[in-house]
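Please read the structure below before turning to the comments.
Computed from a predicted model, the values in this text were never measured in an experiment.
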Amino acid sequence: MIPTFYRHYKQCMDKVVNDQFIKERLLDFSFDNCSLVLCMDTYHKANKAEKALNLEIAKSNPARRRYEQAMKKAYYSFTKHMDFLNLAFSFNAKVRIALGLLDQADLKSPEQWYIFALSVYRKVLVDTSIHEQLFAFNITVDQLRKGRIDVQIAQETYNKLTTEIPGAKKLLDNRDGLVLELQHIIFELEIICIYALADNPGLIAELGLPIMHAIKPPIRPKTIPATLKKVKIMFKKELREAAEHSQVTNA
């Protein structure tokens, strides 16, 4: 999860730093060279902290393997269930918001990811109306319970891993703090890039950012449907007759 975040960030940053056109556009939003230096500095610190943590964890291979296996299984189960929840309620944003499905779980620290995943399972498992929607895709309550257990096991192996390995907890706290700082910085950069490059969706795509302005606003129909045209004619006729009647009455 976190390495993916680093790769996405580096792809965006490398493009911005080496493109004079983009940097000039960012200046319109007070994002200057000093801001770019801060971005890169935070990125290198966070990446270095990640490598230091992994090096410390690597000293205990058996515990690390148990964690990686459990995490792989839990992540697959939860991702599968979240995908089908999004599919089942694709036209019901209220349900997806209530379940927290719009959260960017892939950018969270492991501890936050466990809390997020378990909170989704907790809400889903007590709602029979959700069960009915998921059953249409052959996703049963037992499968949801098994998914929750997978996440709980992964959480346990992670907690055991970080407590058994000397120095890992301190390195973990340092890494998580830098990742949080990095998230805030990349969020600011992404938002500014999206608006600064609104007229260049191709460049936004190269940065790996969502093209917010690709969705065009509704366009007024050039032709009026026949039925609507008849209604308008009748309405105008009624208005004209009413006006003529009013003139006769006043006379």
Side-chain angles (χ1 to χ4, degrees), residues 1-9 11-12 66-161 176 179-180 182-184 186-187 190-191 194-195 201 204-205 207-221 225 227-228:
M1 292 179 292
I2 288 179
T4 301
F5 171 64
Y6 288 136
R7 287 195 297 272
H8 167 75
Y9 185 82
Q11 173 192 353
C12 181
R66 285 194 297 271
Y67 162 68
E68 289 177 343
Q69 291 171 358
M71 187 59 196
K72 184 177 180 180
K73 188 175 182 181
Y75 191 71
Y76 173 80
S77 297
F78 179 68
T79 300
K80 175 184 176 182
H81 294 150
M82 193 164 70
D83 285 344
F84 278 102
L85 281 166
N86 277 314
L87 182 60
F89 296 97
S90 57
F91 297 105
N92 193 331
K94 289 184 179 180
V95 172
R96 286 184 290 135
I97 291 172
L99 293 176
L101 299 182
L102 302 183
D103 291 350
Q104 295 183 341
D106 57 325
L107 299 183
K108 295 180 181 293
S109 66
E111 292 93 340
Q112 291 174 313
W113 185 85
Y114 297 129
I115 293 172
F116 168 74
L118 291 173
S119 71
V120 173
Y121 277 122
R122 183 175 63 253
K123 295 171 185 175
V124 169
L125 284 169
V126 298
D127 195 322
T128 55
S129 63
I130 294 179
H131 302 166
E132 293 172 359
Q133 295 292 329
L134 290 178
F135 191 71
F137 300 100
N138 202 29
I139 303 295
T140 66
V141 175
D142 287 340
Q143 290 174 359
L144 294 171
R145 290 188 181 127
K146 180 63 171 59
R148 179 177 62 181
I149 292 173
D150 289 341
V151 174
Q152 290 171 333
I153 292 174
Q155 185 182 39
E156 291 172 4
T157 60
Y158 178 78
N159 291 336
K160 189 174 182 181
L161 178 67
D176 287 351
V179 167
L180 184 61
L182 194 59
Q183 287 177 3
H184 287 305
I186 191 61
F187 178 73
E190 286 180 342
I191 291 297
I194 287 171
Y195 285 98
I204 292 177
L207 294 175
L209 307 179
I211 304 176
M212 293 171 60
H213 300 282
I215 302 175
K216 297 181 180 179
I219 301 174
R220 184 177 180 180
T227 53
L228 181 58

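The two atoms that bring Ala70 and Ile153 nearest to each other are CB-CG2, 4.3 Å, heavy atoms only.
With values rounded to the nearest 0.5 angstrom, Ile130 atom CD1 is found 13.5 Å from Ile139 atom CD1. From Gln133, atom CD reaches atom CG of Leu87 across 10.5 Å, with rounding to the nearest 0.5 Å. Distance check: Phe78 CZ to Tyr121 OH gives 6.5 Å after rounding to the nearest 0.5 Å. Distance check, rounded to the nearest 0.5 Å: NZ of Lys123 to CG of Leu85 gives 11.5 Å. Rounding to the nearest 0.5 Å gives a distance of 9.0 Å between CD of Glu111 and CD of Gln155. Separation of atoms CG (Leu125) and CG (Leu118) is listed at 10.5 Å; rounding is to 0.5 Å.
In this structure, the side chain of Thr79 does not engage the main chain of Tyr76 through any donor-acceptor pair within 3.5 Å. Looking only at distances, no side-chain donor or acceptor of Lys73 sits under 3.5 Å from a matching main-chain atom of Asp150. A donor-acceptor contact shorter than 3.5 Å is absent between the side chain of Ser77 and the backbone of Ala74.
Within the structure, ring-ring contact (aromatic ring centres under 6.0 Å, His included) contacts touching residues 127-153 (residues at least two apart or in different chains) are Phe84-Phe137.
In this structure, the side chains of Asn86 and Arg96 come closer than 4.5 Å at one or more pairs of heavy atoms. Side-chain contact check for Val151 versus Tyr75: every heavy-atom pair is 4.5 Å or farther apart. Between Phe116 and Met82, some side-chain heavy-atom pair lies under the 4.5 Å cut-off. At a threshold of 4.5 Å between non-hydrogen side-chain atoms, the residues Arg148 and Arg122 do not count as touching.
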For a side chain to side chain contact (heavy atoms under 4.5 Å, CB included) check, start with the C-alpha distance between Val141 and Leu134, then their side-chain angles and the critical distance, and finish with the verdict.
CA-CA 9 Å; Val141 175; Leu134 290 178; over 6 Å; no
Between Thr157 and Met71, does a side chain to side chain contact (heavy atoms under 4.5 Å, CB included) hold up when you go through it step by step?
CA-CA 9 Å; Thr157 60; Met71 187 59 196; over 6 Å; no
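Residues passing the side chain to side chain contact (heavy atoms under 4.5 Å, CB included) test with Val95 are Phe89, Asn92, Leu99, sequence neighbours excluded. With sequence neighbours excluded, the residues that form a salt bridge (charged side-chain N to carboxylate O under 4.0 Å, His left out) with Arg145 are Asp142.
Ring geometry for Tyr67 versus Tyr158: interplanar angle of 30 to 60°, hence tilted.
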